[in-house]
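Positions are given from 1, in the same order as the sequence printed here. Treat the numbers as computed from the prediction; the structure is a model and nothing was measured.
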Amino acid sequence: GPTASVGDVPSVPIAGQLKTPVIGNGTGALVAAWNPYSYRVNVVSSVATPSMMKYLETTFKFKKLAIIYDIQNDAYKDEATQTRDLASKLGYQVVSFQSFRTGDTSLQSQLTAIKAAHPDWIAFEEPGDDLSRDLNPAADPGPGPVPSSHAADAPHTPRDSAVHPTPAS
């Protein structure tokens, strides 16, 4: 079956109507109504996000987190909201909560706001292939944090987003 939310989510009611099994293995988006013919074989965001954030906060002890996410993608928006809402429970503070839209050509205003908030870490809730494009302005001497590879040590989760520490200032 489809592996991305854009194909899997609309197939759920169709699978029920046609009584044809559909298995999605890469979607984390919310599904309004499941039926006996539709299955998801990956860990859903409501399980993966709290587990990942607890591991990262416990391991790396960050206290100030900035979040930037693609507001047009329901899965990334949901993960950003979950990450924000977990802050008080896990002992970190969200110092900046920024959004953008798929296709935006500049994230300079969001990166400027993030840099001004002085986060220890940044959560990027967006497709991995967009990450380098979106953070290219951060490599300039101007505003914007630069991610490092520390998050690669974290356990892999079925999501494209990542949480990265900001460089020491």
For Ala117 versus Ser96, what's the shortest heavy-atom pair and its separation?
CB-CB, 4.0 Å

Short side-chain to backbone donor-acceptor contact, Gln110 and Gln98, under 3.5 Å:
no

Just verifying a value: how many Å separate Thr58 OG1 and Leu90 CG, rounded to the nearest 0.5 Å?
7.5 Å

Please answer whether the main-chain N or O of Val9 pairs with a side-chain N or O of Ser11 as donor and acceptor at a distance below 3.5 Å.
no

Salt bridge (Lys or Arg N to Asp or Glu O under 4.0 Å) pairs, two or more places apart, involving residues 83-99
none

Rounded distance [0.5 Å steps], CD1 in Ile67 versus OG1 in Thr83
5.0 Å

For Lys63, salt bridge (charged side-chain N to carboxylate O under 4.0 Å, His left out) partners two or more places apart
Glu57

Mind running side chain to side chain contact (heavy atoms under 4.5 Å, CB included) on Val31 and Arg40 for me, showing each step along the way?
CA-CA 10 Å; Val31 174; Arg40 182 183 333 213; 3.4 Å; yes

Indicate if Leu111 and Val95 have the same hydrophobic cluster label, given that clusters are the connected sets of ILVMFWY residues with side-chain heavy-atom separations under 4.5 angstrom.
no

Minimum heavy-atom separation for Ile68 to Phe100, with atom names?
CG1-CD2, 3.8 Å

Tyr55 reachable from Trp121 in the ILVMFWY side-chain graph, under 4.5 Å edges:
yes

Step through the shown structure and confirm whether more than 12 heavy atoms of other residues, nucleotides or ligands are within 6.0 Å of CG on Asn35.
yes

Is the shortest heavy-atom distance from the side chain of Tyr39 to the side chain of Val22 under 4.5 Å?
no

Are any side-chain N or O atoms of Tyr37 and backbone N or O atoms of Trp34, one a donor and one an acceptor, separated by less than 3.5 Å?
no

Between Tyr76 and Glu125 the two heavy atoms that sit nearest each other are CB-O, 3.3 Å

At their closest point, which heavy atom of Leu86 faces which heavy atom of Pro50, and how far apart are they?
CD1-CA, 3.6 Å

When you look at Ile23 and Val41, which way does the side chain to side chain contact (heavy atoms under 4.5 Å, CB included) test go after all the steps?
CA-CA 7 Å; Ile23 300 172; Val41 295; 3.7 Å; yes

Between Leu65 and Ile122, is the side chain to side chain contact (heavy atoms under 4.5 Å, CB included) condition met? List the steps.
CA-CA 6 Å; Leu65 180 71; Ile122 302 172; 5.7 Å; no

Closest heavy-atom pair, Ala33 versus Val12, reported as atoms and distance to 0.1 Å, is O-CG1, 3.4 Å

More than 12 heavy atoms of other groups within 6.0 Å of Lys77 NZ:
no

Could you tell me whether a side-chain N or O of Asp104 sits under 3.5 Å from a main-chain N or O of Arg101, the two making a donor and an acceptor?
yes

One pair to check against side chain to side chain donor-acceptor pair (under 3.5 Å): Gln82 and Ser46. What are the steps and the verdict?
CA-CA 8 Å; Gln82 285 184 65; Ser46 61; 5.6 Å; no

Under the ring pair (Phe, Tyr, Trp, His ring centres under 6.0 Å) test, which residues partner Phe97, sequence neighbours left out?
Tyr69

Looking at every non-hydrogen atom in both residues, tell me the closest pair between Glu79 and Ser45 and how far apart they are.
CG-OG, 3.0 Å

In this structure, OG of Ser99 is separated from CG of Asn73 (nearest 0.5 Å) by 12.5 Å

